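Given the structure is predicted, the values throughout are model-derived calculations rather than measurements.
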Amino acid sequence: MGELNVESRTLFIADNLEILRGVNSESIDLIATDPPFNKGVKDFEGIVTAGVDEEGKKVRYKDVWTWGDVQSEWTESIRQDHPNLYAVVRGANAAAGDDMGAYLCWLGVRVLEMHRLLKPTGSLYLHIDHTAHAYVKAMMDAIFGRANFRNEIVWCYTGPNAAKKWFPRKHDIILFYAKSSATIFNGDAVRRPYKAEYTPARGVHGARIGEDSDKKRSIHERGAIPTDWWADGFLTNISAYRSELTGYPTQKPLALYERIIKASSNEGEIVLDPFAGCATTCVAAERLGRGWIGIDINKPARKVIRERLKREINKSMAWGKLVKTPSQPPMRTDGGQEAAPELILVSPKPRAPRLSARELRSRLVIADGLKCQGCGWVPHHEEYMEVDHRVPKSRGGRDDLRNRVLLCGPCNGTKGNKLTLAELRRRRLDEGRMEDKSWDEEWYEREGRFG
């Protein structure tokens, strides 16, 4: 197991991929997190009632994804180094659309790092809802291995719902995966009382103890390990945890994450939440005597966690000093590599000078020759050609010159904003509409797609 290179009670305000890559491998005991769900909402909004400089300040975050949020280097590295994950991303993109493929790529590169950080005894609990649950489950199988799936926990809750064309959707899913067969699970720490009172005639679950009434009573009084369907009253009704609310729009109850932390970690171990939000996981870990590390991209999280710890743990302690908020990501000390080192962060790039259509055509003629890159037709003049993207913007293509191509009118119309150039050429080949077969073979060899 690795040595942790980040102090407990540390909160990073940054993109979590950058922070995760700086943490030593196999140094975290438990990850419990509640990421965005790809609900297609441009702005989740809530009024923060505690923990910011000014009460009533709004907190927003987006939960809608496009291939513009994902760099092409991400998908290429996943394709080469993680083929199972790549197959899941492609399948989700085909079945549910570009937003789901982009979301899985964005989340997948982070889960790859989470898997690397966990000790062999560690676990990951990933909170999700119906929007992306099926696709995220397949993604988790590809990264952790199907054999390390432990539970699909159904967290039920109540509240108003205006659904008229389907049953009201009132549950989330928490996917529980182990790093290995050595994972920790403290079932006794989360037992709940049986609903029925003890009687000597009642059987005892999982025990063959004959007529020993005292032993039956003792086992009954221990209670039962919760099933994977969590509908306890203190977890399902928002009024049961109203005093905890900070105004974050997707806040979860402390009791929910306390159950997870009790079951899959021991006192003194480290719990990580890469999507800390209003710090429910961090506060729950502190209350249970665990160390914790939180990461969130929103600046208000810094004061929210300090105020929550002060209010809910110990008002007399100087939490503002105890909670560390470094301005730089951690530096690896184990000499290892990231889980996916080529998957660089999305960052603004300097804009290239804007070229006119005529300038673009002239440059592409110099680069590729005066020929339709879709069917091989040679026009009399370059003005008969149209400029399009090799990889469409809807699938992550960029506007730079390297991603531009000359096409004849029919090919450009067929390609539209869905097909890549390679897919267009395969279609033209199947249709028998290639003007120059020998050139087609040369193109495939050059692009690495021949055969």
J.: Count the heavy atoms of every other residue, nucleotide or ligand shown that sit under 6.0 Å from CZ of Phe185, and state whether that count exceeds 12.
T.: yes

J.: Are a donor atom and an acceptor atom from the side chains of Ser362 and Glu382 found within less than 3.5 Å of each other?
T.: yes

J.: Nearest 0.5 Å, please: how far is CZ in Arg361 from CG in Leu370?
T.: 10.5 Å

J.: Short question: side chain of Arg259, backbone of Val190 - any donor-acceptor pair under 3.5 Å?
T.: no

J.: Looking at Arg363, I want to see if its CZ is surrounded by more than 12 non-hydrogen atoms of other residues, nucleotides or ligands under 6.0 Å.
T.: no

J.: Around atom CD of Glu7, are there more than 12 heavy atoms from other residues, nucleotides or ligands closer than 6.0 Å?
T.: no

J.: If I take atom CG from residue Asn412 and atom NE2 from residue His389, how far apart are they, to the nearest 0.5 angstrom?
T.: 10.5 Å

J.: For residues Leu406 and Asp368, determine if any side-chain heavy atom of one lies less than 4.5 Å from a side-chain heavy atom of the other.
T.: no

J.: What do you reckon, is NZ of Lys170 surrounded by more than 12 foreign heavy atoms closer than 6.0 Å?
T.: yes

J.: Check whether any side-chain heavy atom of Leu256 lies under 4.5 Å from a side-chain heavy atom of Ile174, and answer yes or no.
T.: yes

J.: Please assess Leu85 against Met139 for the test side chain to side chain contact (heavy atoms under 4.5 Å, CB included), listing each intermediate value before the final yes or no.
T.: CA-CA 6 Å; Leu85 175 57; Met139 178 197 77; 3.5 Å; yes

J.: Calculate, to the nearest 0.5 Å, the distance between atoms OH and SG belonging to Tyr384 and Cys372 respectively.
T.: 15.0 Å

J.: Hey, does Glu423 have a side-chain heavy atom less than 4.5 Å from the side chain of Lys418?
T.: no

J.: When you compare the side chains of Arg428 and Thr414, does any donor N or O come within less than 3.5 Å of an acceptor on the partner?
T.: yes

J.: Would you say that more than 12 heavy atoms from the other residues, nucleotides or ligands in this model lie under 6.0 Å from the CD of Glu3, or not?
T.: no

J.: Assess, by modelled atom type and distance only, whether the side chains of Asn24 and Thr333 contain a donor and an acceptor separated by less than 3.5 Å.
T.: yes

J.: Give a yes or no on whether the backbone of Thr227 and the side-chain of Trp230 come within a donor-acceptor separation of less than 3.5 Å.
T.: yes

J.: With a 3.5 Å cut-off and no angle check, do the side chains of Ser8 and Arg290 form a donor-acceptor pair?
T.: no

J.: When you measure from the side chain of Asn186 to the backbone of Ser265, do you find a donor-acceptor pair of N or O atoms at a distance under 3.5 Å?
T.: yes

J.: Are Leu421 and Leu407 close enough that some pair of their side-chain heavy atoms sits under 4.5 Å apart?
T.: yes

J.: Set out, in order, the CA-CA distance, both residues' side-chain angles and the distance that settles side chain to side chain contact (heavy atoms under 4.5 Å, CB included) for Val304 and Asp296, then state yes or no.
T.: CA-CA 11 Å; Val304 168; Asp296 200 83; over 6 Å; no

J.: Ion pair present between Asp15 and Arg110, side-chain N to carboxylate O less than 4.0 angstrom?
T.: yes

J.: Is a side-chain donor or acceptor of Asn151 paired with a backbone partner of Ile153 at a separation under 3.5 angstrom?
T.: no

J.: Are the charged groups of Glu258 and Arg287 less than 4.0 angstrom apart, N to O?
T.: yes

J.: Quick check against the 3.5 Å criterion: does Tyr257 have a side-chain atom that pairs as donor or acceptor with the backbone of Val283?
T.: no

J.: Just by modelled atom types, is the Gly122 backbone N or O under 3.5 Å from a matching donor or acceptor in the Thr183 side chain?
T.: yes

J.: Tell me, with the steps shown, if Arg169 and Asp129 meet salt bridge (Lys or Arg N to Asp or Glu O under 4.0 Å).
T.: CA-CA 9 Å; Arg169 296 162 178 161; Asp129 77 352; over 6 Å; no

J.: Taking atom CZ of Arg332 as the centre, report whether more than 12 heavy atoms of other residues, nucleotides or ligands fall under 6.0 Å from it.
T.: yes

J.: Check whether any side-chain heavy atom of Cys282 lies under 4.5 Å from a side-chain heavy atom of Leu11, and answer yes or no.
T.: no

J.: Yes or no on salt bridge (Lys or Arg N to Asp or Glu O under 4.0 Å) for Lys252 and Asp273, after CA distance, side-chain angles and deciding distance?
T.: CA-CA 13 Å; Lys252 306 302 188 296; Asp273 186 353; over 6 Å; no

J.: For Glu286, is there an ion pair with Arg9 - N to carboxylate O distance below 4.0 angstrom?
T.: yes

J.: Would you check, one step at a time, whether the test side chain to side chain contact (heavy atoms under 4.5 Å, CB included) holds for Phe275 with Thr281?
T.: CA-CA 9 Å; Phe275 297 93; Thr281 299; over 6 Å; no

J.: Would the number of heavy atoms belonging to other residues, nucleotides or ligands and lying under 6.0 Å from NE2 of His380 be above 12?
T.: no

J.: For the pair Glu383 and Arg358, evaluate side chain to side chain contact (heavy atoms under 4.5 Å, CB included) and give the outcome as yes or no after the intermediate values.
T.: CA-CA 8 Å; Glu383 289 189 359; Arg358 177 174 293 180; 3.6 Å; yes

J.: Quick one: pull up CG in Asp172 and OG1 in Thr131 and give me the separation to the nearest 0.5 Å.
T.: 9.0 Å

J.: Can you confirm whether Val136 sits close enough to Met140 that some side-chain heavy atom of one is under 4.5 Å from a side-chain heavy atom of the other?
T.: yes

J.: Are Leu20 and Leu272 packed together at the side-chain level, in the sense that at least one heavy-atom pair is separated by less than 4.5 angstrom?
T.: yes

J.: Any donor-acceptor pair under 3.5 Å linking the side-chain atoms of Tyr177 with those of Asp141?
T.: yes

J.: Keeping the roles fixed (side chain from Asp29, backbone from Val271), state whether a donor-acceptor pair exists under 3.5 Å.
T.: no

J.: If you define the side chain from C-beta out and look only at heavy atoms, does anything of Glu113 sit under 4.5 Å from Leu17?
T.: yes

